[in-house]
A.B. asks: 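Please see the structure below; I have some questions.
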Protein chains: 2
Amino acid sequence: MTASSRPGPPRLRRSAGDRRAQLVQIGLELLPTTPVQELTIDEVARRAGISRSLLFHYFANKREYYTAVTRAAADLLLDHLLPEPGTPAEQQVTGMLDRYVGWVETFPETYLAFVRGAGGGDPWVSEVYEETRGRLVQVALTTLDLPDDALRRQLVLAWFAFTEDLVGSWVQEPTVTRAELLDLLRDVLDRLVARG
Amino acid sequence: MTASSRPGPPRLRRSAGDRRAQLVQIGLELLPTTPVQELTIDEVARRAGISRSLLFHYFANKREYYTAVTRAAADLLLDHLLPEPGTPAEQQVTGMLDRYVGWVETFPETYLAFVRGAGGGDPWVSEVYEETRGRLVQVALTTLDLPDDALRRQLVLAWFAFTEDLVGSWVQEPTVTRAELLDLLRDVLDRLVARG
DNA sequence: CCGGTTTGCTGAGCAACGCTCAACAAGCTA
DNA sequence: TAGCTTGTTGAGCGTTGCTCAGCAAACCGG
């Protein structure tokens, strides 16, 4: 009992890839309850059962870890939203909107924590967020068969801010039916991009 | 030279009110370059020429200081936006929109830092922000002579998110004239609140 | 002028956190 | 078994949020 009285299994070594994935996964699991910026290395390392030092072996600094987690969350969202290859063009945007609302309904905390963490503070993190919004706008403009000039990009991005806000408050207080919400969002988008 | 070799004036004592106001003022001056959450007590105290401890004499903790600074910034914005008493009703919203765009044009960094800091992270800070938006929506609904039911509040709040986003990107890249921007914003608002 | 009270104010110091570094040890291979 | 690679750790440093005992500047009554 003098040296190395370790309670659990003797010691678990993981491959670099496994460990990195595990750490990102832990970050994703904490996102629903914590904006990404409030994750502490201590907490993540504790949950992974490793020392703080090891996390810095895989991520140069806190920021790099944050952006990795945020990018993973963004990829999950994009995978969920992007239309399946076979979908007819006129249904793609509708389908994306539908899945978006469904995602917010299913994971409201994750959604809020993601948007909050992405919007605020750290520029590196919000850069990932902006990139994700940009990709969604790109898809929308393409499937709507519209030229993506600067004005239209601005309008669709702003419409996205509108949508995020409205869907967020609608989930907390459903003032209209789900179908009406979708119609309204789609209608506002159509009227906006019709300008110019 | 053994004891108390102080270079400047012997020591400056301020009244509690003065000191508090000074500290909030320093926070306001730092806002253009720093989202509120990234203010450090150290930096603020250094600029005020006092010890870190004193700041905690006036604000129980960092959060309380942040909210005080955010509230001060919000009050400045509201004072600037709210219509003067004599204005005819139909011009009030137009005037607010105009002043809002003007404010963003004049202080783009302050605006960004304010919105960023308010949206992200700390719930206490974003509470102040939400309260400010709520007051603006209240004024808008009143002057437009509309009932403020839950749906309309949601719509106007979401329109405000739309406006924030669009004006923010328009300032960086003016794709339309200022007048066209104002018309568009006003038109979208009118169409939204006409629903229901 | 002097002792006393109020109160603005400081310095030492603790805990938590981000981060570094030298070194240990698990697992593979020769 | 020796040796190499590399996953992993513990000690420790600087910063930051925060506490607390106590100093000292200003206002008092005498």
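In what follows, chains are A, B, ... by sequence order, proteins preceding strands, each numbered from 1. All values reported here derive from a predicted model rather than from experimental measurement.
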A.B. asks: C/dG18 P sits how many Å from A/R46 CZ, rounded?
C.D. replies: 14 Å
A.B. asks: Nearest whole Å is fine: how far is C/dG27 C1' from A/R13 CZ?
C.D. replies: 6 Å
A.B. asks: Under a 3.5 Å distance rule, please check whether A/W170 uses its side chain to pair with a backbone N or O of A/V176 as donor and acceptor.
C.D. replies: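 Yes.
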A.B. asks: How would you label the contact of A/H57 with the nucleic acid (heavy atoms, under 4.0 Å): base, sugar-phosphate, or nothing?
C.D. replies: base
A.B. asks: Any carboxylate oxygen within less than 4.0 angstrom of a Lys/Arg side-chain nitrogen, looking at B/D98 and B/R186?
C.D. replies: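 No, this pair does not count.
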A.B. asks: Grab the CZ-P distance between A/F59 and D/dG7 for me, whole Å please.
C.D. replies: 13 Å
A.B. asks: Let me know, please, whether B/T40 or A/S53 comes out on the 5' side of the other along DNA chain D by nearest nucleotide.
C.D. replies: A/S53
A.B. asks: How many whole angstroms separate atom CZ of A/F56 from atom C1' of D/dG14?
C.D. replies: 13 Å
A.B. asks: Whole Å only: how far is the CG atom of A/D18 from the C1' atom of D/dT8?
C.D. replies: 15 Å
A.B. asks: Distance check needed: D/dT16 C1' versus B/Y65 OH, whole Å only.
C.D. replies: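 Value for this atom pair: 15 Å.
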A.B. asks: OP1, OP2 of D/dA25 versus side-chain N and O of B/R14: anything below 4.0 Å?
C.D. replies: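 For D/dA25, OP1/OP2 do not have a side-chain N/O of B/R14 under 4.0 Å.
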A.B. asks: Considering only side-chain heavy atoms of B/A16, which listed nucleotide, C/dG8, C/dC19, D/dT16, is closest?
C.D. replies: C/dG8
A.B. asks: Is the phosphate of D/dT8, meaning OP1 or OP2, less than 4.0 Å from a side-chain N or O of A/Y58?
C.D. replies: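 True: A/Y58 side-chain N/O within range (under 4.0 Å) of D/dT8 OP1/OP2.
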A.B. asks: For the side chain of B/Y66, counting heavy atoms from C-beta on, which of D/dG17, D/dA24, D/dT9 is nearest?
C.D. replies: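 Out of D/dG17, D/dA24, D/dT9, the nucleotide with an atom closest to B/Y66's side chain is D/dG17.
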A.B. asks: Taking the side chain as every heavy atom from C-beta outward, state whether A/F59 and A/V69 have any atom pair closer than 4.5 Å.
C.D. replies: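 No, too far: nothing below the 4.5 Å cut-off.
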A.B. asks: When you look at B/W103 and B/V167, which way does the side-chain contact (heavy atoms from CB on, under 4.5 Å) test go after all the steps?
C.D. replies: CA-CA 10 Å; B/W103 192 72; B/V167 173; over 6 Å; no
A.B. asks: Salt bridge or not between A/R195 and B/D187? Use side-chain N to carboxylate O under 4.0 Å.
C.D. replies: yes
A.B. asks: Whole angstroms only, please: what is the CZ-C1' distance between B/R52 and D/dT16?
C.D. replies: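 For the pair B/R52 CZ and D/dT16 C1', the rounded distance is 8 Å.
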A.B. asks: Could you check whether B/L54 gets within reach of a base, just the sugar-phosphate, or nothing at all, counting any heavy atom under 4.0 Å?
C.D. replies: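 Base contact.
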A.B. asks: Round to the nearest Å and state the distance from A/K62 atom NZ to D/dT16 atom P.
C.D. replies: 12 Å
